[in-house]
Asks: 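Before I ask anything, here is the structure I am working with.
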Number of protein chains: 2
Amino acid sequence: MYEGGMERLPQITALRSFEVVARCLSFTQAARELNVTQGAVSHQVKGLEKLLGVRLFHRERQRLRLTDAGTGYLPFVREAIDRLKAGADYLDARENSGVLTVSVSPNFAAKWLVNRLGVFSASHPEIDLRVTASLQHVDFNSKDVEMAVRHGHGDWPNLHVTKLAREEIFPVCSPDLLREGAALESPEDLAQHVLLHDASRNDWPIWCAAANLDTIDVSRGPSFDQTSMVIDAAIAGQGVALARSALAAHDLRTGKLVRLFNVTLPAPYGYFIVSPKASSDHEKVRKFRAWLVEEAGADAAALATTV
Amino acid sequence: MYEGGMERLPQITALRSFEVVARCLSFTQAARELNVTQGAVSHQVKGLEKLLGVRLFHRERQRLRLTDAGTGYLPFVREAIDRLKAGADYLDARENSGVLTVSVSPNFAAKWLVNRLGVFSASHPEIDLRVTASLQHVDFNSKDVEMAVRHGHGDWPNLHVTKLAREEIFPVCSPDLLREGAALESPEDLAQHVLLHDASRNDWPIWCAAANLDTIDVSRGPSFDQTSMVIDAAIAGQGVALARSALAAHDLRTGKLVRLFNVTLPAPYGYFIVSPKASSDHEKVRKFRAWLVEEAGADAAALATTV
DNA sequence: TTCATACATGAAAATATTTAATGATACGAG
DNA sequence: CTCGTATCATTAAATATTTTCATGTATGAA
């Protein structure tokens, strides 16, 4: 199997056995410490001695003694094991605190995260959160990203998925517009207002259909290429927007937007927290997920009272 | 099997696989370097990632990249492997040169080794020979001794045994005595000489029986507790000794002793070079053994011409 | 002597690793 | 665009290694 110049590195179990035996000077006791039988330790040490071609212990009547070779070899083994433990510690430390990189869409970042991150950071100073916004779903295989918030159906195989928020669509406008503009008592009043669209320009036609409203011209009004910009335009009093609940929730709670009428369109997608299975139970991932879910729960509770 | 605080150290194969893959950034190429299949490397790295609970590589379309975790972990692994290699090198260095400890009987040391060691040391300056003389056979299990010359039947199980010399018993005396003392033409002439005995005082009776000689009183003469002293007494011209071939060979070759008559008694024992199987093929052991055998061969050749 | 303790050992059982075959995906050349 | 090549992943089967189990041997104590 193995050839000439091959490196014959000993097995870790053999090295560990050697190290423990060298410390206890007893196979039996070492076996106890290693949670194996005495025979296993005996075999391991014997195998190591054979591999190295050197006797590591003097087997004397009642006691064990290291040979000169064993005495000289021991520190190398101790250092090697130490490095491995240090490596494991390094990985633990790095996973249990430090940087948490989260990928979200630019919209979610702008309308959901940015307004609340301060709260999270204040209560979790040990977590150094890094938000990376991208239109595409992040590929966990090729980026050092531990979790993401995604908009979709929640069907991502091989990922740990937690539902964050359902999504509904309903009209919103700024409180100023409601107070000072033309009346907005019923859907029909929209005829007197600017309709704000997203890039698809599909939402208003669908909503109007749901509201049995065919008296207004849904082709009117400006459109924006980012959902967040539609909402921001509404906040600025530019007109009436169709908001998606998750993204508008914060502005509704803080009174920058008000919800109009009582016609709500369920949206096909929802927001989900996803992470690779391997990192899904890391301390910092769990903490951030719990916080997201809590915030979303508060949003939902607040939304339920807006109409 | 393993519980809570258990140390989960990775297997060496997994670490080596990781290290090579990190260097090649290719499972396939790493597999070639490790002389295993690509699948084996894939399994190993996957297992390591699972054990550590961390992704070590980004698997991208065409290439592999270390994750941050992998990048940080790699140096620990390199150091650990390096320590292990250094340990192996240390053992190799210590076995391939440096000290060679040989256990022999005091007689063999005095009458065989001491006169020739200079030659060996001169031609093998890299070997630091340490001779330890003891009456008892050394216990390789409890002493840092790599080889021994033993007197016996050559039946030592578990040891590597090489025959060094047969043993014969015959009368010797100093050339001065032969030249200047009473005649020593035939065994009967021994009646006129002092017989030198070892502690057992058995040899002369047996030799006389073999020589069909019943005319002399074998109870005469001093005895010595070490065989070497019997020979030294003969060299000093104190009388005629029954020498054992191996121990007298050097003095015969250098003319300090002469062999008498033609009656030789085969001795039941011989001299053997023994060493633990593990160290029997070490460079320095092989060298010293070869030298011993060569010297013994020269002795035998020289002895064959003495009568 | 007999008991208790410690290490060695050989065969069987339990695990782990490696292979071989195949799948999936991406890239580049016609 | 399709094929051929190269890469990594995955599965079950073949191997190899490790551990246990059941003893064996030797020593020191009672």
Side-chain angles (χ1 to χ4, degrees), chain A residues 1-3 6 8-18 20-51 55-67 70 139-142 157-158 276-278, chain B residues 1-2 6 8-18 20-51 55-67 70 139-142 157-159 276-278:
Chain A
M1 170 119 293
Y2 32 73
E3 277 315 299
M6 190 71 183
R8 1 137 264 163
L9 294 174
Q11 291 297 117
I12 282 292
T13 34
L15 294 170
R16 257 182 71 68
S17 299
F18 168 58
V20 177
V21 173
R23 186 146 39 73
C24 303
L25 290 178
S26 155
F27 282 41
T28 308
Q29 206 175 313
R32 260 193 295 276
E33 179 169 337
L34 292 164
N35 287 310
V36 294
T37 60
Q38 169 265 320
V41 177
S42 175
H43 283 307
Q44 286 298 329
V45 172
K46 192 170 132 169
L48 182 60
E49 289 179 321
K50 181 166 174 214
L51 178 85
R55 273 289 208 201
L56 264 8
F57 294 100
H58 292 305
R59 277 80 161 173
E60 283 177 321
R61 39 222 92 231
Q62 195 67 335
R63 77 177 33 152
L64 232 44
R65 260 176 48 239
L66 278 165
T67 59
D139 173 10
F140 291 108
N141 278 343
S142 69
N158 304 320
K277 292 223 165 93
Chain B
M1 169 122 290
Y2 34 74
M6 190 70 184
R8 3 139 261 165
L9 294 174
Q11 292 297 117
I12 283 292
T13 34
L15 294 170
R16 258 182 70 69
S17 299
F18 168 57
V20 178
V21 173
R23 187 145 39 73
C24 303
L25 290 179
S26 155
F27 282 39
T28 308
Q29 206 174 314
R32 259 194 295 277
E33 177 169 336
L34 292 163
N35 287 309
V36 293
T37 60
Q38 169 267 321
V41 177
S42 175
H43 283 309
Q44 286 297 330
V45 172
K46 190 171 136 171
L48 182 60
E49 289 179 321
K50 181 166 174 212
L51 178 85
R55 273 288 207 203
L56 264 7
F57 294 100
H58 292 306
R59 276 81 161 173
E60 283 176 319
R61 41 222 95 229
Q62 194 66 336
R63 76 179 34 151
L64 230 44
R65 261 175 47 239
L66 278 165
T67 59
D139 174 9
F140 291 109
N141 278 344
S142 68
N158 303 321
L159 293 177
K277 293 223 164 92

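Letters go in sequence order (proteins before strands), and every chain restarts at 1. The shown structure was predicted, so the numbers you read here are calculated from the model rather than taken from an experiment.
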Asks: Measure the distance from CD on B:Glu49 to C1' on D:dC8 and round it to the nearest whole Å.
Replies: 12 Å
Asks: Counting only heavy atoms and a strict 4.0 angstrom limit, can you tell me which residues of residues 24-32 of chain A come near DNA chain C?
Replies: A:Ser26, A:Phe27, A:Thr28
Asks: Any side-chain N or O of A:Arg59 below 4.0 angstrom from OP1/OP2 of C:dA6?
Replies: no
Asks: Using atom NE2 of A:His58 as one end and atom C1' of C:dA8 as the other, report the distance to the nearest whole Å.
Replies: 18 Å
Asks: Please give, in whole Å, the distance from C:dT17 C1' to B:Leu48 CG?
Replies: 15 Å
Asks: Please give, in whole Å, the distance from C:dC7 C1' to A:Leu56 CG?
Replies: 16 Å
Asks: Can you check whether B:Lys46 has a side-chain N or O nearer than 4.0 Å to OP1 or OP2 of D:dT10?
Replies: yes
Asks: Quick one: side chain to side chain donor-acceptor pair (under 3.5 Å) partners of A:Arg32, sequence neighbours excluded?
Replies: none
Asks: Any side-chain to backbone donor/acceptor pair from B:Glu49 onto B:Phe57? Under 3.5 Å, distance only.
Replies: yes
Asks: As a quick check of understanding, evaluate side chain to side chain contact (heavy atoms under 4.5 Å, CB included) for B:Arg16 and B:Leu34, giving each step before the final call.
Replies: CA-CA 9 Å; B:Arg16 258 182 70 69; B:Leu34 292 163; 3.4 Å; yes
Asks: Tell me if a side-chain donor or acceptor on B:Thr67 pairs with a main-chain N or O of B:Arg55 at a distance below 3.5 Å.
Replies: yes
Asks: Mapping B:Ser42 and A:Gln44 onto DNA chain D by nearest heavy atom, which one lands closer to the 5' end?
Replies: B:Ser42
Asks: Restricting to non-hydrogen atoms, name the atom on B:Leu48 and the atom on B:Ala14 that form the minimum distance, rounded to 0.1 Å.
Replies: CD2-O, 3.9 Å
Asks: The side chain of B:Gln11 is closest to which nucleotide in this list: C:dT17, D:dC8, D:dT18?
Replies: C:dT17
Asks: Taking N or O atoms only and anything under 3.5 Å, show me the protein contacts with nucleotides 20-27 of chain C, one pair per line.
Replies:
none

